[in-house]
Amino acid sequence: FICANVPRLLGYTVEDLQAQGNISRLVGEDLFSLEELETRGTIYDIERVIISKDGSEHTYLITVKRVSIKGGTILYTCHNITERKQAEEALRESKQLLERTFRSLRDAVFIIDADTVEILDCNPAASEIFGYSHQEMLGQTTTFLHVDEAMLEKFRSHLYPAVQKQGFLDHLEFSMKRKDGTIFSTEHCVMPLENEQGKRIGWVSVVRDITARKQAEETRRLLESAAETTSLGVTISDKTGTILYTNPAEARMHGYTMKELIGRNVNMLAPEELRQQMTAEQLE
């Protein structure tokens, strides 16, 4: 055989290769015979893992060519593409990781075109939160997710100044609309996407459904409002006995302000005799 640049790439001398007698021994399997090249064409590229003289494995792009010398000879030209293959594998792994993360997030994630404001992609959580199928949202502008045009303009009035000031919009609470018409509370984080020239080409919008959180906040507000107007003493503590909340009536009963009681142990509100008894029991 005739072999261009193979000795240098593989660490062999020409004498080493001549001693091998057949390049297939280096590759680990047969390449092509002259007859096979008749059906494949006179030039054919194939990737092979080749073992160098030092025993290391490298990926090579082998160009197999039939040349007319003494009735037919095969010319092998090899190019080391190991680094390229490693880079391709790293890119595949990165894309796979990104895709899995995108699909597994419980917040709705939208990829939006900067010019048309159309939804290019969205994750399964977007369908669960808004009630639309993936296909129903693709290609649509984001207008249908907002309560109305006025609310959309209000959202933009927050978005663009935030992006101009700090590069992104973070934790904006805003009302959105589900497919069934339900208005619900959300929290938004929006990041612009730019190309290598710095031109904005899209947006990544993350939308969190905070309905449960807002309901809990409202329930707590109502309870605190009721507690502050009652003449009965109300104190809330955690499992360690630390006071988390106390109402004005409770504070007045013990001669403290509400601020003085928050963070103290609830035992301090017990009668002196009971406190001494509790201390004695702890010492036994």
Side-chain angles (χ1 to χ4, degrees), residues 104-110 125-131 145-163 165-191 205-284:
S104 65
L105 287 175
R106 303 312 304 157
D107 296 332
V109 182
F110 296 93
S127 295
E128 295 174 11
I129 292 173
F130 286 91
L145 301 177
H146 288 269
V147 175
D148 51 35
E149 288 285 350
M151 290 294 284
L152 173 58
E153 289 304 315
K154 185 177 179 180
F155 178 80
R156 289 171 176 167
S157 71
H158 289 283
L159 172 62
Y160 293 117
V163 171
K165 181 180 180 179
Q166 60 185 20
F168 57 91
L169 174 70
D170 191 30
H171 296 98
L172 171 69
E173 292 188 7
F174 209 77
S175 295
M176 301 291 282
K177 184 174 64 176
R178 304 188 203 273
K179 185 178 181 179
D180 62 7
T182 304
I183 309 300
F184 68 108
S185 299
T186 63
E187 187 177 76
H188 291 253
C189 294
V190 184
M191 178 72 70
S205 178
V206 181
V207 183
R208 174 170 295 174
D209 184 350
I210 59 171
T211 304
R213 189 180 84 191
K214 299 299 287 186
Q215 290 173 343
E217 290 174 355
E218 179 63 14
T219 299
R220 179 175 178 176
R221 187 189 67 79
L222 292 174
L223 290 174
E224 289 182 353
S225 178
E228 288 175 5
T229 57
T230 183
S231 59
L232 299 175
V234 178
T235 296
I236 301 175
S237 64
D238 62 17
K239 61 182 180 180
T240 68
T242 301
I243 297 174
L244 303 177
Y245 171 80
T246 188
N247 70 339
E250 184 79 16
R252 285 195 300 270
M253 288 180 192
H254 299 279
Y256 294 96
T257 65
M258 294 170 61
K259 186 176 181 180
E260 288 173 331
L261 289 178
I262 301 299
R264 306 284 293 277
N265 193 281
V266 72
N267 291 341
M268 69 177 293
L269 302 180
E272 180 64 27
E273 298 80 7
L274 182 58
R275 289 205 303 271
Q276 292 178 356
Q277 180 182 346
M278 293 170 62
T279 302
E281 290 176 352
Q282 291 173 353
L283 293 175
E284 291 180 355

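Along the sequence shown, residues are numbered consecutively beginning with 1.
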For [X], give me all partners under salt bridge (charged side-chain N to carboxylate O under 4.0 Å, His left out), at least two apart in sequence or on another chain.
X	value
E149	none
R264	none
E260	none
K214	E173, E217

Could you check whether any side-chain heavy atom of [X] comes within less than 4.5 Å of a side-chain heavy atom of [Y], counting everything from C-beta outward?
X	Y	value
V190	L172	no
T235	V266	yes
M176	F184	yes
M151	K177	no
F110	L145	yes

Where is the tightest heavy-atom contact between [X] and [Y], given as atom of each residue plus distance?
X	Y	value
V207	I129	O-CD1, 4.0 Å
V206	V109	CG2-CG2, 4.4 Å
T229	A226	OG1-O, 3.0 Å
I183	V147	CD1-CG2, 3.8 Å
C189	H171	SG-N, 3.6 Å
L169	A162	CD1-CB, 3.7 Å

Give a yes or no answer on whether the side chain of S157 reaches the backbone of K154 with a donor-acceptor pair at less than 3.5 Å. yes
Donor-acceptor pair, R106 side chain versus A125 backbone, under 3.5 Å? no
Dump the intermediate steps for side chain to side chain contact (heavy atoms under 4.5 Å, CB included) on E224 and R221, then the final yes or no. CA-CA 5 Å; E224 289 182 353; R221 187 189 67 79; 5.7 Å; no
Side-chain donor-acceptor distances from residues 247-256 under 3.5 Å, at least two apart:
residue : atom : partner : partner atom : Å
N247    : OD1  : V234    : N            : 2.8
N247    : OD1  : E250    : N            : 3.0
N247    : ND2  : A227    : O            : 2.8
N247    : ND2  : L232    : O            : 2.8
E250    : OE2  : H254    : NE2          : 3.1

Measure the spacing between [atom1] of [X] and [atom2] of [Y] and express it to the nearest 0.5 Å.
X	Y	atom1	atom2	result
R178	T186	CZ	OG1	9.5 Å
I236	T242	CD1	OG1	13.5 Å
D170	E187	CG	CD	8.0 Å
D238	T240	CG	OG1	3.5 Å

Mind checking what makes ring-ring contact (aromatic ring centres under 6.0 Å, His included) contact with F155, not counting sequence neighbours? H146, F174, H188
Are there over 12 heavy-atom neighbours, none belonging to R220, within less than 6.0 Å of that residue's CZ? no
